[in-house]
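What follows is a set of notes on a single structure, which appears directly below.
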Amino acid sequence: MNYTYLDCLASFGVGGAHPGGLKLTKRILSREYIDQETSILDVGCGTGQTSAYIAEKYRCPVTSLDSNTTMLLKAKQRFSSLQLPINVVQGSAESLPFIDRSFDFILSESVTSFTNVSSTIMEFKRVLKTNGVLLAIEMVLEDSLSQEDLNTMVDFYGVSQLLTQSEWYNLFHKAGFKQITVERYKSEFDENENDIDSASDFLLSENIDDQLLEIFEKHVHLTKKYSDRLSFCIFRCCI
Ligand SMILES: C[S@@+](CC[C@H](N)C(=O)[O-])C[C@H]1O[C@@H](n2cnc3c(N)ncnc32)[C@H](O)[C@@H]1O
């Protein structure tokens, strides 16, 4: 069987599978006004670490959506063991199963890159309320890669393309987002940290195939190899 990078994340049940992990999520959310009435959509929720944090901290309505069955199973187990009333939905980011203007916030933590980016961003705009906010943490291409290196990255991660910061900005703008702020993610942020938020969060499947371990190792290798040409940005977009 040919496994993908996302199969690997799902089998290992990696929580906080975005740069900066839960620590960065907490920092980003701490700057926003969120109360018990605030409706939040966690798109591509994975195993639900962020959704669980939000529901516990803010006691607000949280919807967690993902297209991957294994991820959602693990998210449901997490929510049920924590007794959190989170609405879990299987669906695709490119065609969100929600009516227009449903949410105050959308979080997309290392998700949009894996989708048809233009369609997904249009959907984010559609389901956000008038004063809603999109918070997206995304991979950004810094320097041009050779065609060969580009193919390696696109094939391995299963992304449709790798975008520069200005390409991302233009897509958000084109979809109708008016106020867009961009913050470059600094990896120093969590270096040398030894606290609970930096700890790994795994919900392992049974009988993990060796091929999936190899994919994980290749991910670590590629991350190191291209660390100077790839970075991450936090995009905060309002309508
Ligand atoms: C890198 S993981 C990030 C998971 C989670 N946001 C986190 O930070 O731990 C990407 C997630 O996006 C989901 N995903 C990928 N393509 C998707 C799509 N088209 N629609 C919905 N979810 C998608 C994957 O199943 C996976 O759970």
Side-chain angles (χ1 to χ4, degrees), residues 3-29 40-55 62-79 86-98 103 105-124 126-127 134-140 153-154 156-163 171 185 189-190 197-205 212 215-216 218-220 222-223 230 232-235:
Y3 293 108
T4 64
Y5 169 67
L6 289 178
D7 292 331
C8 166
L9 287 185
S11 292
F12 285 99
V14 183
H18 58 272
L22 183 60
K23 193 177 172 75
L24 179 63
T25 302
K26 287 183 176 180
R27 192 182 69 167
I28 295 170
L29 290 173
I40 301 191
L41 171 64
D42 184 9
V43 173
C45 63
T47 66
Q49 189 191 47
T50 289
S51 297
Y53 167 72
I54 295 170
V62 177
T63 299
S64 306
L65 176 137
D66 205 288
S67 54
N68 184 294
T69 308
T70 307
M71 288 291 200
L72 282 181
L73 204 67
K74 293 180 181 186
K76 278 184 194 162
Q77 282 163 1
R78 184 195 295 273
F79 304 152
I86 293 176
N87 179 28
V88 178
V89 178
Q90 184 155 26
S92 96
E94 295 92 338
S95 174
L96 292 170
F98 309 111
F103 299 98
F105 279 88
I106 296 177
L107 279 179
S108 167
E109 298 183 307
S110 206
V111 175
T112 309
S113 298
F114 292 97
T115 70
N116 178 322
V117 178
S118 304
S119 309
T120 296
I121 293 176
M122 295 292 279
E123 279 294 85
F124 290 164
R126 181 183 69 75
V127 304
L134 165 66
L135 296 167
I137 302 173
E138 294 302 337
M139 198 192 295
V140 169
M153 293 298 280
V154 165
F156 178 76
Y157 286 105
V159 294
S160 49
Q161 53 196 321
L162 286 172
L163 300 171
L171 285 173
Y185 169 69
F189 177 66
D190 54 4
D197 291 342
S198 305
S200 303
D201 175 276
F202 292 106
L203 296 170
L204 298 177
S205 294
L212 292 162
I215 291 179
F216 199 80
K218 185 158 182 195
H219 160 67
V220 173
L222 289 177
T223 309
L230 281 174
F232 291 85
C233 285
I234 302 149
F235 296 93

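Along the sequence shown, the residues carry numbers beginning at 1. Values reported hereafter were calculated over all heavy atoms of this structure, with side chains retained and with hydrogens, waters and symmetry mates removed. Order of appearance sets the numbers: ligands from 1, and atoms from 1 within every ligand.
Of all atoms in ligand 1, numbered sequentially from 1 with element shown, those under 4.0 Å from a heavy atom of F114 are 1 (C), 15 (C). The ligand atoms of ligand 1 that sit less than 4.0 angstrom from a heavy atom of N68 are 25 (O). Of all atoms in ligand 1, listed by their number and element, those nearer than 4.0 Å to a heavy atom of V111 are 6 (N), 12 (O). Under a 4.0 Å criterion applied to the non-hydrogen atoms of S92, ligand 1 contributes the atoms 20 (N).
Remark: the backbone N or O of G46 is paired with a side-chain donor or acceptor of D66 at under 3.5 angstrom.
Contacts of L9 with ligand 1, taken as heavy-atom pairs under 4.0 Å, involve the side chain alone. With a heavy-atom cut-off of 4.0 Å, C45 touches ligand 1 through its backbone alone.
The heavy-atom pair separating T47 from V14 by the smallest distance is OG1-O, 3.8 Å.
Counted within 6.0 Å of CZ on F98, heavy atoms from surrounding residues, nucleotides or ligands total more than 12; the atom is thus considered enclosed.
The residue among G15, G48, S110 with a heavy atom at the shortest distance from atom 10 (C) of ligand 1 is S110. Heavy-atom proximity to atom 27 (O) of ligand 1, evaluated over I137, T25, L96, D66, is greatest for D66.
Remark: the S205 side chain and the K74 side chain contain an N/O donor-acceptor pair separated by less than 3.5 Å.
When only interatomic distances are considered, the shortest N/O to N/O separation between G44 and ligand 1 falls below 3.5 Å. Below 3.5 Å of separation, one finds an N or O of A17 facing an N or O of ligand 1. At least one N or O atom of E109, backbone or side chain, sits closer than 3.5 Å to an N or O atom of ligand 1. Looking at A93 next to ligand 1, an N or O pair under 3.5 Å apart turns up. Close N/O approach between D42 and ligand 1 is not found [any backbone or side-chain N/O within under 3.5 Å]. By the 3.5 Å distance cut-off applied to N or O atoms, E94 is counted among the residues near ligand 1. Checked by distance only, ligand 1 and T115 stay at 3.5 Å or farther apart across all their nitrogen or oxygen atoms.
With hydrogens left out, the protein atom closest to atom 23 (C) of ligand 1 is S67 OG, 3.3 Å, a heavy atom. The protein non-hydrogen atom at the shortest distance from atom 8 (O) of ligand 1 is H18 ND1, 2.6 Å.
The aromatic rings of F216 and F12 lie tilted to each other, with the angle between the two planes from 30° to 60°. Note on ring orientation: taking the six-membered ring where Trp is involved, the planes of Y157 and Y5 are perpendicular (angle over 60°, cut-offs 30° and 60°).
Paired with V62 under the rule side-chain contact (heavy atoms from CB on, under 4.5 Å), one option of V88, I86, T50 passes, and it is I86.
Annotation: side chain of I28 is in contact with side chain of I137 (closest heavy-atom distance under 4.5 Å).
In this structure, CD on E94 lies 9.5 Å from OG1 on T112, to the nearest 0.5 angstrom.
The pair D201-R78 meets the salt-bridge criterion, since a charged nitrogen lies less than 4.0 angstrom from a carboxylate oxygen.
Not a single heavy atom of A10 sits less than 4.0 Å from an atom of ligand 1.
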